[in-house]
Amino acid sequence: MKISLPAMIGAAAMALALLAFLAIPAQARSAQAGAGAVAKSVRHAQARPKARHKARPKARHKARPAKRRAASGARPAKRYRADSARHATLAALRSSAVLIVDPAAHKVLYEKNADAVMPIASVTKLMTALVVIEAGQDMDEVLTVADADVDRLKYSSSRLRVGTGLARSGMLHIALMSSENRAASALGRHYPGGTPAFVLAMNAKARALGMHRTRFVEPTGLSSLNVSTPEDLARLVIAAQQQALIRAYSTDPDHTIAQGRQATVYRNSNRLIASPGWHIGTQKTGYISEAGRCMVLHAKVKGRAVVMIFLDAQGKFSRARDANQVRSWLARAQR
């Protein structure tokens with residue numbers, strides 16, 4: 001059977017049309033599958049930024065401190081924490097003015113308002129003792145307490161009665177150890193030239209020690225016009241430490257004197273003397289309302305000599321608490 005050319009062309013066209021018709025669903029299915037894959041990829045891509053958004057801040061938070069430490073040249077973390085603890089400890093000190101010095105190394109270990117001129121109360125008696133000792137007066141000479149030694153400035157009490165006779169060494173002993181004001185007054189009054197000459201000698205000694213912002217007007221510390229700075233007082237404490245009598249008398253826990261037929265027991269005004277953790281060579285406390293609670297020490301912490309000055313501490317036990325905090329800090333620093 002013969003097939004005409006038009007028929008053959010028609011058949012070919014029908015075949016191509018059929019193939020095109022059959023191909024359309026396959027492409028559609030392929031497109032739908034591709035669209036599903038793209039949608040899945042989009043959903044996955046949308047999900048990933050959320051995960052990165054949560055993770056990145058943590059990574060940056062951990063990295064930033066290290067970058068800052070590296071840039072600033074700070075010490076390793078362990079030392080950094082120790083330094084922070086040190087500052088936190090010393091920031092808690094209650095004294096208005098503080099100075100901590102290593103006298104052997106001539107090094108200031110800590111200071112706060114170290115150049116502030118302030119009343120020093122009975123810390124004055126360290127200078128009183130220094131002038132008496134360096135004057136070379138007879139320590140066995142009996143000095144008599146007079147009406148002139150009674151405190152008419154602050155009207156403070158005293159157990160040392162008018163008329164009591166006591167050796168100069170005994171007066172010095174209770175003046176340093178128990179801050180007996182009448183004893184300090186008697187020491188100044190029995191100086192050649194009397195109290196005015198004694199005060200001149202106190203100020204002359206201050207200038208000789210380089211205490212240029214220090215002034216004394218009387219030997220007890222009852223006057224708020226007796227002023228100094230922590231820096232100047234460190235010089236006084238170092239000088240006082242060189243005197244054996246000052247070391248012995250200022251750190252004696254107690255001392256008994258005779259007044260007629262009665263015995264009067266004096267105890268140390270510094271509660272740290274009774275503490276077994278302290279090794280104190282020289283000390284003096286002081287208090288008047290204008291000066292607050294004051295304390296100076298020449299002590300050893302783990303074998304290291306340290307001078308501590310605390311002025312104007314608020315609260316009865318604040319100066320002792322400050323000293324204990326400083327001692328703990330120094331002990332940790334020497335480990």
Side-chain angles (χ1 to χ4, degrees), residues 121-191 195 198 218-222 237 240-288 293-299 316-317 319-320 323:
S122 285
V123 174
T124 294
K125 293 182 177 74
L126 277 184
M127 181 60 82
T128 299
L130 204 56
V131 170
V132 168
I133 292 170
E134 292 188 352
Q137 293 181 277
D138 182 3
M139 286 294 169
D140 295 325
E141 181 186 355
V142 175
L143 312 183
T144 303
V145 179
D147 187 67
D149 300 317
V150 175
D151 173 23
R152 291 184 173 85
L153 182 63
K154 300 292 185 182
Y155 296 96
S156 58
S157 62
S158 172
R159 291 186 297 154
L160 192 58
R161 297 193 297 267
V162 172
T164 295
L166 197 62
R168 181 174 276 109
S169 60
M171 293 285 192
L172 185 63
H173 199 149
I174 59 177
L176 285 171
M177 185 198 76
S178 196
S179 213
E180 174 56 70
N181 291 314
R182 291 182 185 179
S185 177
L187 289 167
R189 193 169 48 80
H190 285 84
Y191 186 82
T195 302
F198 189 80
E218 51 83 32
T220 68
L222 288 168
V237 171
Q241 172 70 11
Q242 297 172 13
Q243 297 291 340
L245 278 181
I246 296 180
R247 294 196 305 271
Y249 290 168
S250 72
T251 58
D252 199 4
D254 55 70
H255 182 64
T256 303
I257 66 168
Q259 295 193 87
R261 296 181 179 180
Q262 294 182 343
T264 304
V265 179
Y266 283 90
R267 303 196 184 281
N268 203 299
S269 60
N270 191 336
R271 62 197 300 264
L272 297 181
I273 292 297
S275 174
W278 278 93
H279 303 281
I280 299 173
T282 296
Q283 68 79 33
K284 189 69 195 77
T285 60
Y287 173 78
I288 56 174
R293 306 278 175 177
C294 304
M295 179 166 62
V296 299
L297 300 169
H298 194 296
K316 185 176 181 180
F317 302 110
R319 60 192 176 190

If only atom types and distance count, is the side chain of [X] paired as donor or acceptor with the main-chain N or O of [Y] below 3.5 Å?
{"X": "S178", "Y": "R267", "result": "yes"}
{"X": "R161", "Y": "Q259", "result": "yes"}
{"X": "Q137", "Y": "R168", "result": "no"}

Set of residues satisfying ring-ring contact (aromatic ring centres under 6.0 Å, His included) with respect to Y266, sequence neighbours excluded: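 Partners of Y266 by the ring-ring contact (aromatic ring centres under 6.0 Å, His included) criterion come out as none, since no residue qualifies.
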Which word best sums up how the rings of Y191 and F198 line up, parallel for under 30°, tilted for 30 to 60°, or perpendicular for over 60°?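 Rings of Y191 and F198: perpendicular, as their planes differ by over 60°.
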Tell me, do [X] and [Y] make a side-chain contact under 4.5 Å, heavy atoms counted?
{"X": "K154", "Y": "N181", "value": "no"}
{"X": "L166", "Y": "V145", "value": "no"}
{"X": "R152", "Y": "D147", "value": "yes"}
{"X": "N268", "Y": "Q283", "value": "yes"}
{"X": "V237", "Y": "K284", "value": "no"}

Does the side chain of N270 come under 3.5 Å of the side chain of T285 through a donor N or O and an acceptor N or O?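 The answer is no; no qualifying pair exists.
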Classify the side-chain pair S269/S179 by whether it contains a donor and acceptor separated by less than 3.5 Å.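 Side chains of S269 and S179: no pair found under 3.5 Å.
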Please indicate whether R271 has more than 12 foreign heavy atoms, meaning atoms of other residues, nucleotides or ligands, lying under 6.0 Å from its CZ.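 Counting other residues, nucleotides and ligands, CZ of R271 stays at 12 neighbours or fewer.
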